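Note that the numbering runs from 1 along the sequence shown for the chain. All values derive from a computational prediction rather than experimental measurement.
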Amino acid sequence: MALLIGLCTLMLVALLVLVAPMLTQGDDFLRRAPFDAVRWNGDTPEVEVDGQWYELLELEGIPARDLVEFSKRKYDSRWQKRIEEDLVAVMLWNGRVLGSEVDLRVRPLDGGAATTLENVAMTGERRDALKRAHSPSQQRAEIVRHALAAAGVETVALQGQGAVPELAPFTDVRWNGVLPEIEVGGAWYGCLAIDGTSAESIVDHCKQQHGSKWQKRFGEDLVQVLTEMGVVPGESVTLVLDPLDGTPPITRADVPMTSANRRSVWENAKRRTGARATAIPGVVKRVEREHAAETAPEWREFFSLDVPGERLLAPAVTADEVADDLDQLEWALEDRFSYLERTGIDYRGALDAIRIAARDGAFVVRLQLQLGKLMALFGDGHTRVRGLGDALPLGAASFLLTETAGGIACVRPDRSDFLDPRHPYLVAIEGVDVERWIETAKCLSANYAPAFARHVAIDRLADVVWVARELGVLFEAPKLSITLSDGSERVERVTSLEASPPRRGTWPAGGSRLIDGDIGYLRIASMDGDPEFVADLHERMRAFRSTRGLIVDVRGNGGGTRDALRAVLPYLLAPDDAPRVVNVARYRLPRGETDDPTSGHLENRGLYPANWPGWTDAQSAAIEAFARDFEPEWTPRDTRFSGWHYMVLSPSREPGAFHYAQPVKLLVDTGCFSATDIFASAFQGLPNVELLGTITGGGSGRSQRVTLAHSGIEVRISSMLSYQRSGALYDGNGVAPDVEVVPDATDAIGTTDRALETALARIRGA
């Protein structure tokens with residue numbers, strides 16, 4: 001068999017042959033469906049065809065259960081969405097090209113016998129209906145409609161979105177950075193608040209819930225947005241406005257909410273942007289500079305786009321569109337990115353290298369991957385390209401890898417055992433030392449904190465076809481040769497490749513419980529903000545009140561909200577303890593945005609300026625004392641940053657609160673990231689707390705979304721500098737444990753747990 005460049009090339013060449021006659025149709029042939037609607041009975045698809053509902057048994061001879069299983073492996077949590085909206089692509093990956101009509105084997109839901117529906121039309125209208133039915137805006141619209149009805153607000157029909165009023169209190173909107181300026185009564189004002197809700201928090205909500213359409217939602221769907229936030233507007237609202245001439249803000253009460261205003265907003269937006277609102281030449285803000293005519297030597301190989309093997313059916317962008325997208329990204333980096341200067345990379349040279357490589361245009365997936373490499377060079381885990389897994393070629397390892405004291409353990413996907421029980425460690429792939437594979441995979445985590453960069457790279461080895469291509473290794477698809485070891489003896493094994501990597505899942509497994517009847521074990525596997533999750537933390541702490549010691553396990557927790565920190569840490573503060581500063585940060589001020597030394601800019605992270613009126617006297621005193629000795633590890637040269645913001649936690653005064661004074665062991669590892677970094681750092685240094693495990697990942701950036709106009713690639717960039725109590729940045733450092741405990745190989749399959757065992761021994765010996 002001839003050597004092939006991975007499984008991806010083999011599959012895609014075959015697919016290209018299958019679909020070549022259809023490529024002249026563009027992307028439309030991919031966007032079709034044979035169903036009018038789809039719903040799910042567990043894992044069983046139920047479909048509506050021509051007004052009747054059926055259980056789907058087969059599609060073009062492929063059992064529905066096989067399609068479901070494939071989609072779960074390949075698309076993870078999005079498997080249902082892919083079957084509904086991207087059925088043509090799903091079938092292509094299974095070697096079937098769907099024509100304009102298909103045969104469906106179905107069973108009527110009314111109890112009839114199984115039958116075959118022949119020559120069912122595959123249409124774009126059906127696919128579009130499925131997409132609309134399951135869009136987030138449609139689901140949110142239903143929530144809004146019910147909330148408005150409960151509040152007695154009359155609604156009007158809004159095409160495609162249920163019943164939501166199309167109302168606004170202003171006639172036009174323009175943007176000064178991320179700050180809205182609105183036209184009211186023929187005059188322009190900065191919008192500071194609507195019905196007591198700050199414009200900044202409304203914008204923040206729009207970004208989080210509506211993605212790249214956040215500006216459109218603020219201007220055209222204000223009723224929906226405010227209702228989602230729990231602020232149901234009436235027939236009029238109160239506006240707090242900045243006159244823009246330097247005079248003090250004014251308040252206007254009873255400003256009418258009218259459909260005529262909203263229509264004016266929509267017409268003005270359409271007039272400015274035209275029909276193609278997402279990709280209009282000239283709307284992209286640019287950094288005015290000369291671009292390099294030749295690629296700098298350090299970027300020539302790093303940013304090459306001339307690599308075979310990606311998904312040939314992916315959409316493409318022209319050279320001009322790539323240039324527009326890169327200009328948009330460069331502007332966003334220089335305007336908003338907090339860590340732009342930290343690693344000192346020549347990002348302009350890198351952007352020019354990508355521009356030159358795409359002088360003939362590029363497939364979006366290729367551009368996406370190169371931008372992923374660029375963003376990793378900034379060394380900030382929150383600054384990244386989203387959806388990189390979808391841009392990598394098919395062909396993944398069929399095992400999991402975990403760093404342990406003895407080496408890199410190679411385990412079965414279900415963690416039932418090692419891939420080879422007698423030889424647990426992976427030492428080579430296709431005859432190449434595993435360390436070379438790891439170093440190659442680091443191109444997507446290059447300047448992260450060292451331990452976290454390695455951790456991410458080991459995870460990326462699962463995408464083995466992509467890493468092989470980057471490394472220049474050829475192998476015989478669809479098999480993969482690996483070398484395993486027990487520390488002395490080596491053996492060769494041949495494994496199969498899968499379409500997508502196995503899911504790592506939550507590890508260590510298991511939940512909160514009592515150990516030996518007298519030691520509490522609080523497992524926090526994710527930093528959830530759900531009220532039920534927080535209530536459970538309080539219930540667990542009350543249950544552990546009389547224990548002789550407490551183990552809090554946050555290993556593998558990739559972050560989320562700070563609610564768990566707010567819930568648990570006050571239990572460890574004595575009633576007479578001073579408030580504790582747990583995080584210090586500064587916000588990157590975009591052009592046109594001024595500092596607010598009173599309310600600040602980081603409310604959604606629980607961080608406020610020293611002058612914030614919400615501090616107690618004790619908290620203000622704690623901030624003042626802390627600030628006297630605080631020395632940041634790094635300060636950017638750029639001065640467009642806010643003043644310092646602080647997160648401060650105090651002993652709880654809530655009913656039922658108590659001080660837990662027994663020994664506490666906090667278990668951490670390199671999988672801890674973001675909000676979990678904050679959690680670990682906040683606990684470190686408390687008199688009865690000890691951190692055990694390995695250093696955390698290191699990341700706290702408050703990322704903001706930038707969706708590139710032409711390619712649609714979503715880039716996240718950090719908007720704040722975030723420091724530990726020691727003055728060290730989270731990014732590039734992580735939180736080091738007080739006692740390092742590196743896991744044994746058997747920890748990876750659950751037969752031992754060295755960190756937990758060490759924590760138990762230290763509590764019992766206290």
Q) Looking only at heavy atoms, which two atoms of Asp221 and Arg217 are closest? And how far apart? A) OD2-NH1, 2.8 Å
With no hydrogens and no angle check, do the side chains of [X] and [Y] hold a donor and an acceptor under 3.5 Å apart?
X: Thr696; Y: Asp677; result: yes
X: Tyr339; Y: His382; result: no
X: Glu403; Y: His455; result: no
X: Tyr646; Y: Asn583; result: no
X: Asp195; Y: Thr197; result: no
X: Asp744; Y: Thr752; result: no
X: Glu633; Y: Asn733; result: yes
X: Tyr660; Y: Thr547; result: yes
X: Asp577; Y: His659; result: no

Close side-chain approach of [X] and [Y], heavy atoms under 4.5 Å:
X: Leu607; Y: Met720; value: yes
X: Ser338; Y: Ser719; value: no
X: Leu721; Y: Trp634; value: yes

Which value, rounded to the nearest 0.5 Å, describes the distance between [X] atom [atom1] and [Y] atom [atom2]?
X: Ile623; Y: His645; atom1: CD1; atom2: NE2; result: 11.0 Å
X: Tyr347; Y: Glu341; atom1: OH; atom2: CD; result: 8.0 Å
X: Ile717; Y: Arg384; atom1: CD1; atom2: CZ; result: 12.5 Å
X: Cys672; Y: Phe679; atom1: SG; atom2: CZ; result: 9.5 Å
X: Cys206; Y: Gln215; atom1: SG; atom2: CD; result: 10.0 Å
X: Tyr723; Y: Ser700; atom1: OH; atom2: OG; result: 11.5 Å

Q: Report yes or no: is the cationic atom of Arg555 (NZ for Lys, CZ for Arg) closer than 6.0 Å to the six-membered ring centre of Trp507, at no more than 45° off its axis?
A: no
**Q.** Test: Arg705 cationic atom under 6.0 Å from Trp214 six-membered ring centre, within 45° of axis
**A.** no
Side-chain ion pair, [X] and [Y], N-O less than 4.0 Å:
X: Asp204; Y: Arg702; answer: yes
X: Arg342; Y: Asp380; answer: no
X: Arg588; Y: Asp335; answer: no
X: Glu714; Y: Arg716; answer: yes

